[in-house]
Amino acid sequence: MAPGAKSISKITPPKGTRDMYPEEALKRRYLEQAWRDASVRCGFEEIHGPTFETTDLYAVKSGEGILGELFQAYSGKAPEELEQVRATGRAPYAVRPEFTPTLARMFAAKAGGLPRPCKWFTGGSYFRAERPQRGRLREFLQWNVDFVGDDGTSMGRAVADVEILGVAISLLRDLGLTRADTVVAYSDRRMAEAVLRHIGATDETLPAWFAWIDSIPKNPAAAMVKARELGLSDLEVRFVIGYFFNQKADARVLAALDENPTGTPAFVKFQQSLMMVPEVADSIAQLRRSADVIEQFGLGGWGVQHNAVVRGLAYYTGLVFEVLADGERAVAGGGRYDRLIELMGGPPTPAVGFAMGDVVVSLLLEDKGLMPQGAELMEAVSRRPASVRPEVFVVGADDESSDALVRRLCADLRRGVESGAYKDAGGRKPWSAARHDAASGGVRPMHARVSYKSTRNLKKLLADGEKQFSRLAAIVHGEDRVQLKDFDARRDLTPKDIGLSDTHAEFSVDPSSVVYVGRAAERVLG
RNA sequence: GUGGCCGUAGCUCAGUUGGUUAGAGCACCUGGUUGUGGUCCAGGGGGUCGCGGGUUCAAAUCCCGUCGGUCACCCCA
């Protein structure tokens with residue numbers, strides 16, 4: 001050892017980092033594979049950006065808040081860099097604290113040549129120079145999923161929103177989490193904004209009010225004090241709390257008030273007056289539409305509207321949601337950010353997305369006994385990954401009445417069918433190979449896509465599927481009238497061809513049917 | 001940046017009115033036994049009690065400082 005050199009055994013890892021020995025590395029792979037599989041099956045494509053960016057990229061959007069928690073860097077190759085650090089306190093580069101600015105930059109750079117929508121996901125390490133605590137470290141993994149460039153119609157937005165919610169829910173389900181473990185709480189920023197404006201919030205005070213609402217559940221008593229500082233009157237506090245925290249789960253928040261405001265005549269009147277506000281009525285209609293689409297995707301019961309979810313960030317413009325679990329920080333969070341890409345210098349592009357860190361979800365899995373160990377862990381990470389090539393492209397044959405059916409089938413294909421054997425066993429070992437075992441009625445989850453084109457022209461829809469290199473197409477005419485087409489072989493398949501049934505002429509969208517499209521596709525694709 | 005709790009063997013931890021060579025379980029090593037594999041028996045290695053200073057005849061134990069960890073606040077991308 002060189003004189004004066006420090007023994008490496010004395011050098012501790014930097015605060016908030018983790019060493020991953022083989023067991024931890026495998027657990028990391030388990031989670032990363034779950035992320036990738038869920039995204040891929042839902043038709044998202046993997047991208048990657050650099051792990052450090054110019055500091056300016058983060059300064060544009062984030063402002064003061066984030067800059068204080070950036071790990072900054074300079075190359076050491078140019079003396080003026082050091083000069084800059086000394087003069088401005090800001091290095092030319094920063095290690096990424098989040099992905100969204102990179103996403104916006106990447107999208108803007110090639111916006112003209114990119115298809116719409118772009119459904120992208122990415123996973124990797126992120127860094128924030130904050131004080132570590134439960135569920136929060138300085139280096140962590142994060143999964144980002146974004147739906148960029150929906151068509152901007154009410155229905156297009158709702159579908160994009162629900163696809164994003166749907167990936168998050170797929171992942172929870174894949175990991176074996178249930179509605180008893182987590183809830184996907186969603187709301188609409190525009191509704192919240194309209195309500196607060198109705199009470200008297202302005203452009204200047206709005207962000208502070210959102211931050212205030214965001215802080216209430218953590219410490220209701222302190223929030224009451226803070227309300228005074230914000231200059232809110234007693235009545236305003238009651239209205240806000242009554243409106244945003246009217247769900248059962250918020251008993252603790254309501255308890256911080258001397259009486260529950262929701263039943264009072266003043267509050268009822270306030271609620272009625274809200275319905276007269278066009279923005280409120282609009283956003284409620286949009287939420288209702290989303291709820292319908294959630295049902296079409298078969299996700300009913302997972303999503304719960306929860307007005308108090310507003311998220312602290314300034315840039316959200318519509319749907320906002322969080323995956324919540326008892327006793328933990330938010331497992332994931334996200335929302336719609338229709339102005340952000342434009343703000344970062346790109347073309348005006350609506351977008352919605354979310355992020356999930358590995359720290360909280362890992363704690364949750366460990367607590368619930370849902371993290372495999374030993375041989376099971378090894379087997380779990382050795383399983384076949386989701387097919388990157390789209391397996392089934394689902395299109396509607398006729399008018400829009402089939403749209404709901406198309407979405408339902410697509411969602412069902414992505415979900416797969418759990419086997420009888422798995423369910424009989426109690427279903428708490430989601431990594432088990434028997435989960436979708438065909439021998440006892442299971443169907444494996446598949447990579448299924450739909451077209452986002454507005455055309456009803458079947459020829460164009462099928463061309464879209466072929467352009468995306470889908471292996472099969474499912475053409476939905478009705479519940480029990482589905483055609484299956486093999487793009488590679490350029491021919492139609494029948495239940496008889498693939499040995500599913502001699503008596504049926506067409507396939508079915510019903511997962512319990514012997515001629516279920518998923519069963520057929522699995523037969524063809526293996 | 002602020003505050004609470006913690007820091008004794010590789011791991012999980014005992015060990016306070018301060019008092020002789022600092023302990024247990026697990027793990028590890030050696031030998032034996034069981035007609036070679038998660039059995040049993042015997043033995044063994046291993047600790048600057050986070051680090052530095054102070055009080056004391058005497059400090060793992062009390063005081064101050066410091067470093068590290070953890071939890072909460074702040075903040076949430």
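All chains are named by letter (A, B, ...) in the order of the sequence lines, taking the proteins before the strands, and each is independently numbered beginning at 1. This structure is a prediction, so every number in the text was calculated from the model and none was measured.
Nucleotide B:C73 holds its C1' atom 8 Å from the CD atom of A:Gln133, rounded to whole Å. Rounded to whole angstrom, the span from the CZ atom of A:Arg138 across to the C1' atom of B:G1 amounts to 12 Å. Between the CZ atom of A:Phe127 and the C1' atom of B:C76 there is a distance of 18 Å, rounded to whole Å. The distance from atom CD1 of A:Ile216 to atom P of B:C75 is 13 Å, rounded to the nearest whole Å. Atom CG of A:Leu137 and atom C1' of B:C76 are 15 Å apart (whole Å). Straight-line distance from the CH2 atom of A:Trp212 to the C1' atom of B:C76: 19 Å, rounded to whole Å. Atom CD in A:Glu23 sits roughly 17 Å away from atom P in B:C11 (whole-Å rounding). A:Phe210 places its CZ atom 16 Å from the P atom of B:C75, with the value rounded to the nearest Å.
Spacing between B:C5 and B:C57 at atom C1', rounded to whole Å, works out to 34 Å. Nucleotides B:C75 and B:U56, compared at atom P, are 48 Å apart to the nearest Å. To the nearest whole angstrom, the two P atoms, one in B:A9 and one in B:G4, are 26 Å apart. If you take atom C1' in B:G15 and the same atom in B:G1, they sit 37 Å apart, rounded to whole Å. B:G23 sits 24 Å from B:G69 when the C1' atoms are compared, rounded to a whole Å. Taking atom P in both B:C29 and B:C73, the straight-line distance is 45 Å, to the nearest Å. The separation of B:C71 from B:U17, taken at their P atoms, amounts to 32 Å, rounded to a whole angstrom. Annotation: B:G53 and B:G19 have their P atoms spaced 22 Å apart (nearest Å).
Within the shown strands, B:C28 is the pairing partner of B:G44 under the Watson-Crick or G-U definition, both distances less than 3.5 Å. In a base pair of the Watson-Crick type (N1 to N3 plus N6-O4 or O6-N4) or a G-U wobble (N1-O2 and O6-N3), with each distance short of 3.5 Å, B:C73 is matched with B:G1. Searching all strands for a Watson-Crick or G-U wobble partner of B:U55 with both distances below 3.5 Å returns nothing. Applying the Watson-Crick and G-U wobble criteria (two distances, each under 3.5 Å), B:A22 pairs with nothing in any strand. Summarising the base pairing, B:U17 is matched to no nucleotide, lacking a Watson-Crick or G-U wobble pair whose two defining distances lie under 3.5 Å.
Partner of A:Arg336 under the side chain to side chain donor-acceptor pair (under 3.5 Å) criterion, out of A:Asp161, A:Asp188, A:Thr317: A:Asp161 alone.
Mapping A:Lys15 and A:Glu130 onto RNA chain B by nearest heavy atom places A:Lys15 at the nucleotide closer to the 5' end. Comparing A:Arg136 and A:Pro13, the nucleotide of RNA chain B nearest to each residue sits closer to the 5' end for A:Pro13.
For A:Arg131, the side-chain atoms get nearest to B:U2 when compared with the rest of B:C76, B:G69, B:U2.
Side-chain atoms of A:Arg189 come within 3.5 Å of backbone atoms of A:Val310 as a donor-acceptor pair (strictly under, hydrogens ignored). For the pair A:Thr17 (side chain) and A:Pro14 (backbone), a donor-acceptor distance under 3.5 Å is present. In this structure, the side chain of A:Arg329 engages the main chain of A:Arg134 through a donor-acceptor pair within 3.5 Å.
Geometrically, A:Lys119 engages A:Phe44 in a cation-pi contact, judged by NZ or CZ lying under 6.0 Å from the ring centre and within 45° of the ring axis.
Neither side chain, A:Thr182 nor A:Trp302, offers a donor N or O lying under 3.5 Å from an acceptor on the other.
Of the side-chain N and O atoms in A:Arg329, none sit less than 4.0 angstrom from OP1 or OP2 of B:C71.
For B:C76, the base has no donor-acceptor partner in the side chain of A:Arg311 [N/O atoms by modelled type, under 3.5 angstrom].
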